[in-house]
There are 2 protein chains.
Amino acid sequence: MAATSKDVARLAGVSQPTVSRALRGHPSVAPETRRRVEEAARALDYVASERGRVLSLRKTHRIGIVVSDLTNPFYPHLLAPLHDYFKQAGFRTVLFTEQDEDGPTIEELADGSLDGIVLTTSLVDSPLPAALMHRDIPFVFLNRESDATADSAVVDNVYGAALVGDLLVELGHHRIGAVFGPRAASTGRDRETGFRRSLSKHGRSLADELAVSVPFSFSHGRAALGTLLARSEPPTALFCGNDVIALGVLDGAVELGVRIPEDLTVVGFDDITIASWAHIGLTTVHCDLDRLARTAGDLLLKRIADPDREHVRSIQRPHLVLRRSHARLQLPSSPSKKEH
Amino acid sequence: MAATSKDVARLAGVSQPTVSRALRGHPSVAPETRRRVEEAARALDYVASERGRVLSLRKTHRIGIVVSDLTNPFYPHLLAPLHDYFKQAGFRTVLFTEQDEDGPTIEELADGSLDGIVLTTSLVDSPLPAALMHRDIPFVFLNRESDATADSAVVDNVYGAALVGDLLVELGHHRIGAVFGPRAASTGRDRETGFRRSLSKHGRSLADELAVSVPFSFSHGRAALGTLLARSEPPTALFCGNDVIALGVLDGAVELGVRIPEDLTVVGFDDITIASWAHIGLTTVHCDLDRLARTAGDLLLKRIADPDREHVRSIQRPHLVLRRSHARLQLPSSPSKKEH
DNA sequence: CGTGGATCTGAATACGTATGTATCAGAGCA
DNA sequence: TGCTCTGATACATACGTATTCAGATCCACG
């Protein structure tokens, strides 16, 4: 249906290879020939077939991005900068979702349709990374832990979560609770580790009944708040595994009539855009997700260019952003003193 | 590097075509042969190259989705169901962004790398649709107006916006303002039309100084509120071109100390998830974006299967969702009477 | 024992591009 | 005039799969 380089060749009175060379700016094409070819191409609305080019060049200039759930407001913060980075580098973005056991198969990723892959979502026991490694398919972990034999761009989650622990202790809280992310995700696990470690350092600990692990989702955060507030001694401060969970908690608080921060301090992690909205004012741990994503893109393209280079693990140090969802513990005996 | 069907053929002691047939379940392959081929394929970790298959079959099983801005919280509501729909139908999703004049070129979309395209963002004067039509590339408009010669899945924006007009009048508001979307987008234009038409019907009109048109973004909504409140007679009710604009307005209201809905009624359009959060409680026009997206996907796949079928324009009728951001006009003389 | 048909497999080819190699014309030089 | 060299183009082929068509094998049946 669409014109091919052969059609252009016939019209311009040259051979097919000459068309290819002329349109790609190869120097060994005479100016007059090039002109004729370009004119013929224009006349036929010719666009070189990506299908043919890809087979011939053995490069697709396509990157697969695996996210867990597009409706989760966290992922656009990674997807958007990744897409833009790859676009300006001449690569296209193919989207994959991996929701509970039902992600892309290794065959889908290894069929030669992708030059590289960004894994944003892999659970720690996902078979995908090992399978990709085994087949020498370039990939990078983004916001996920990796062993030494893969590239990765991550936030120092242990450090960031410890900042929150320090903050809550400093604010005078004793009944401290947590809605951690899933242990099967390195972000969930590491943030739990860092938070617990910080409390220990201060001689505190997390009561078992005040700590839960839930998926990184709004609705699970919402539900978790109800669970924790039903304890005999409910928490006065809550660390959430990420901002999306925290937003769920804040939402539940409105429903349950819990005042933030007077009745409950809530702290998140990631600092997604919504956290900074005036309604929300979520105190959280800021990660530069744009930079994190671009770093991952950069690592991946370098790996594609040189499959044998050293593996790099880029770690970003996050910092606290104090907004309005935290407060000093209000002792029943003394007047409140809100801090921020 | 990776094994090809030729390698499998050699190992299994058959020809390459037999490998292709055996692995694709062609009936004319003897069971014993098939077994040998499958064994060889397994031994070599063979996965059929998508590059070769695509060239041979002249189908890519890839769909391009063009959105304007991934960071805009509206787009995930279309992207997620589209992706899922195409995935279950055996198609992959390639992402394109079209932000102010800098979208994908027609060459990028017409290079044979896509079986079809979903346009979610085209401005009314975009050259893309005409170019795609001229090249017989299947595409569908999603949430955007189209002329009769293209498929589209849209919401009845005129009708939906009129519902808001009716509501605001019924609530007794007289100083009614609007933060419309861009006129260059059919959604912006049609919602403005419907809203104005409704006010006219009730014998009202929109004061020029209380109507502005801004891009569909949080920050523009936020800024627009400041502009309108600075008028000599500020509005008591505000229609917003979509929920994202409305969220920006709500955010600005918090900053400016404007109480919603006591001081200002705010109504959005789309009913994205965030609108229903307890913090937000945005009164808005509900569109079933999931269904809209799936409809668009369905239309596109049907068009791909049969390029000559009649063009279909699927129109969905939206309805009001009353939450907490609207109220009856509070006359200075009478006590407030909140409605919802 | 030969023939027709059914069953399976291989050879050839198409898809559309890119590229290495060969060829050809013309120029420069002896 | 004949040789070499250069520049421009054509020829051949590779990329990896799917498919058409022809051929081979085997069996049943006359």
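In what follows, chains are A, B, ... by sequence order, proteins preceding strands, each numbered from 1.
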Q: For Ser5(A) and dG16(C), is the shortest distance between a side-chain N/O and OP1 or OP2 below 4.0 Å?
A: no
Q: I need the CZ-P distance between Arg51(A) and dA14(C), as an integer number of Å.
A: 17 Å
Q: Could you tell me whether the phosphate oxygens of dT9(D), OP1 or OP2, come under 4.0 Å of any side-chain nitrogen or oxygen in Ser15(A)?
A: no
Q: So, Arg51(A) side chain and Arg51(B) main chain: donor-acceptor pair closer than 3.5 Å or not?
A: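 Checking the backbone N and O of Arg51(B) against the side chain of Arg51(A), no donor-acceptor pair under 3.5 Å is found.
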Q: Report yes if a donor N or O on one partner sits less than 3.5 Å from an acceptor N or O on the other, where the partners are the side chain of Gln16(A) and the base of dA18(C); otherwise report no.
A: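 Present.
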Q: Is the phosphate of dA18(D), meaning OP1 or OP2, less than 4.0 Å from a side-chain N or O of Arg24(B)?
A: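 So the side-chain polar atoms of Arg24(B) do come within 4.0 Å of the phosphate oxygens OP1 or OP2 of dA18(D), strictly under.
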Q: Could you verify whether a donor N or O on one side chain and an acceptor N or O on the other, from Asn143(A) and Thr120(A), lie under 3.5 Å apart?
A: no
Q: Ser20(B) side chain N/O closer than 4.0 Å to the phosphate oxygens (OP1, OP2) of dA18(D)?
A: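 Indeed, a polar side-chain atom of Ser20(B) lies that close.
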Q: Taking CD from Glu32(B) and P from dT7(C), how many angstroms apart are they, rounded to a whole number?
A: 19 Å
Q: Give the ring-plane orientation class for Phe141(A) versus Phe139(A), where under 30° counts as parallel, over 60° as perpendicular and anything between as tilted.
A: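 Rings of Phe141(A) and Phe139(A): perpendicular, over 60°.
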Q: With hydrogens left out and only the distance checked, is there a donor-acceptor pair under 3.5 Å joining Arg58(A)'s side chain and the base of dG16(D)?
A: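 Donor-acceptor pair under 3.5 Å: no.
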Q: Checking Tyr75(B) against Ser68(B): is there a side-chain donor and acceptor pair closer than 3.5 Å?
A: yes
Q: Take atom OH of Tyr46(B) and atom C1' of dG16(D), then tell me their distance rounded to the nearest Å.
A: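 My rounded result for the distance is 7 Å.
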Q: Select from Thr18(B) and Ser56(B) the residue whose nearest nucleotide in DNA chain C is closer to the 5' end of that strand.
A: Thr18(B)
Q: Given that Pro27(A) and Arg21(B) both sit by DNA chain D, which one's nearest nucleotide is further toward the 5' end?
A: Pro27(A)
Q: Please report the distance, rounded to the nearest Å, between NZ in Lys59(B) and P in dA18(D).
A: 14 Å
Q: Considering the terminal five base pairs at each end of the helix from dC1(C)-dG30(D) to dA30(C)-dT1(D), what angle separates the two local helix axes, rounded to 10°?
A: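 Helix axis angle between the two ends: 70°.
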Q: Are the side chain of Glu39(A) and the backbone N or O of Arg36(A) linked by a donor-acceptor pair below 3.5 Å?
A: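 Not a single qualifying donor-acceptor pair exists.
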